[in-house]
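Only this structure's heavy atoms are used, side chains among them; waters, hydrogens and symmetry mates stay out. The sequence lines fix the lettering, A, B, ..., with proteins before strands; numbering per chain opens at 1.
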Amino acid sequence: MLKLERVGFNYHTPEGEIQAIQEVSLDIKDGEFLSIIGPSGCGKSTLLSLIGGMLRPSAGRVTIDDQEITGPDPRIAWMPQRDQLFPWRTILGNVLIGIEVKRQPTLEDRRKAIALLEKYGLGEFIDRYPNQLSGGMRQRAALIRTLAVEPQILLLDEPFSALDYQTRLTVADEVRMIIQREQKTSILVTHDISEGISMSDRVVVLSKRPSVIKSCYDVELSAVSVSPMARRDAPEFGHYFNRIWKELDVQ
Amino acid sequence: MNAQKKISPGHQRYLDNIKKTEKKKRLWQISLLLAFLILWELAGQMRWIDPFIMSQPSRVWNSLANLVREGSLGLHIAVTTSETLIGFALATIIGLAAAIALWWFPLAAKILDPYLVVLNALPKIALGPILIVWAGAGPKAIIAVTVLVTVVVTIINLYNGFIQTDEGKIHLLRSFGASRSQIFLKVVMPANVPNLISALKINIGLAWVGVIVGEFLVSRAGLGYLIVYGGQVFKLDLVMASIFILCLLTALMYYAVVYLEEITMKIWHS
Ligand SMILES: Nc1ncnc2c1ncn2[C@@H]1O[C@H](COP(=O)(O)OP(=O)(O)OP(=O)(O)O)[C@@H](O)[C@H]1O
Ligand SMILES: [Mg+2]
């Protein structure tokens, strides 16, 4: 269980102090898929950096199973907005980078990484370089790089925003299915209300900076699968959409 | 991709066109050189110019033949080339090490910034006489001048490349818990391979400048020595001959670096 307890964060710059996050408390259950939606610059990326241990909170604390997070934690892996694949490494080399930082990858690590790539349709591209892959494939490779370190929790910072709309829908669908199969707790930051609703068990709406939680929605859709595509067609979808839309509008 | 694929007539025309342009280009390049040499030679023969001052290709050729006969040409080439290569290698290694140190210690980089700016702006050759006093009037001084001319630009270029490494990639690695040395070795260095190659290209040119200037100041052998000596005793043929050799050597070394660049970039995959 991941817990944010009255977390606050201020940036310090020579021009002054910027209060990015006022106070945020959240409990995220194991296996939950949570989305964070909020206006631009409200502190969503900052919140992910706090959870990932890249920043230390100015107030409050972040814990996993009651253990405080004080730095980058092997149980948490972060997937950036742009894929950030290294052009000088093959796809397999890119996927192994997270492990390499911790130790010399073993044959077993390589075997596992290859298995993941094969399982998610990149088997032919193991020895290719990122520039030989399409945008959607690159994003999938970036997700597999995140999964390769076998984290419990995935932090996804607008992972689809660099893709065109068509690709975005399919890649979001693929990513959601992969995460479902791998049974990971996930926190997704997005600007896109539909994306947030269609992918998540719960949507959290943040206020403008300094951010606090404005509201929380447990998304219950009468859809037969977790596929975001299918969930977009659920009758209740529009209802959630309108409520969150209004919520973001009034600020 | 597919070698057996049939080439359409349109594409064939396109390919032929490329080949034709290429041929035309070569033809013009060679013709221009020949025309220049012939005109020069002719101008000397017809006394349009004074060959004693302007020299001429046949005289340059004789001068070269003389040097070869005396057996000293090889020595001069060897001296200059080895000074250049040593200076080039030293400057590149020192420059790289200094740039890494500056990246590693950002505070040091901030402190040293104004000094680097001044050193960069300073015409390094002005320090030549000091170096001669310190290193003695010999090859050591020449190499010192070469290193000085080359190293500051190397440091600045490499360091700027290092600090411009994509923050996103560094952030990604840091999220996996990478240490500073891992960040350097796994992101900063590989991301800067193209930068390093372009630094090498600039350095090879600067190293030649350093060596020739160094040889102008102090030397008993080398192409720079031949040029100065030839100028002093009014043997313009010798000066031209030396410059001609210098042209060949610099071109050779430049293309060696370009070739190195091609191989590295193939491995690196931009
Ligand atoms: N390194 C930094 N130094 C100073 N201020 C910063 C820094 N990073 C972010 N901020 C400020 O903190 C606030 C929150 O930034 P953050 O990147 O978390 O927002 P965000 O919600 O992710 O925005 P976006 O939707 O545009 O990605 C912004 O107003 C930003 O100006
Ligand atoms: Mg952001």
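Contacts between residues 9-31 of chain B and chain A, defined by a heavy-atom separation under 4.5 Å, are made by no residue at all. Within residues 175-191 of chain B, the residues having any heavy atom under 4.5 Å from a heavy atom of chain A are, by residue number, B:Ser175, B:Phe176, B:Gly177, B:Ala178, B:Gln182, B:Lys186, B:Val187, B:Pro190, B:Ala191.
No donor-acceptor distance shorter than 3.5 angstrom exists from the side chain of A:Arg140 to the backbone of A:Val171, with no hydrogens or angles considered. Here the side chain of B:Lys124 pairs no donor or acceptor atom with the backbone of B:Thr146 at under 3.5 angstrom. A:Asp157 places no side-chain N or O within 3.5 Å of a backbone atom of A:Gln81 that could act as its donor or acceptor partner. In terms of modelled atom types and a separation under 3.5 Å, the side chain of B:Ser82 and the main chain of B:Val79 share a donor-acceptor contact.
Considering only heavy atoms from C-beta on, A:Phe86 comes within 4.5 Å of B:Leu173 through its side chain. In this structure the side chain of B:Val118 never reaches within 4.5 angstrom of the side chain of B:Tyr115, judged on heavy atoms.
Contact of A:Tyr129 with chain B is made through the side chain alone, with heavy-atom distances under 4.5 Å. Residue A:Leu85 touches chain B through its backbone alone, counting heavy-atom pairs closer than 4.5 Å.
For A:Asp192 and A:Arg168, the salt-bridge test passes: some basic side-chain N is under 4.0 Å from an acidic carboxylate O.
For A:Thr106 and A:Asp109, the side-chain atoms include at least one donor-acceptor pair closer than 3.5 Å.
The only option from A:Arg110, A:Arg89, A:Arg145 that meets the salt bridge (charged side-chain N to carboxylate O under 4.0 Å, His left out) definition with A:Glu100 turns out to be A:Arg89. Partner A:Trp78 forms a side-chain contact (heavy atoms from CB on, under 4.5 Å) with one of A:Leu154, A:Ile51, A:Leu155, A:Thr146 and no other, that one being A:Leu155.
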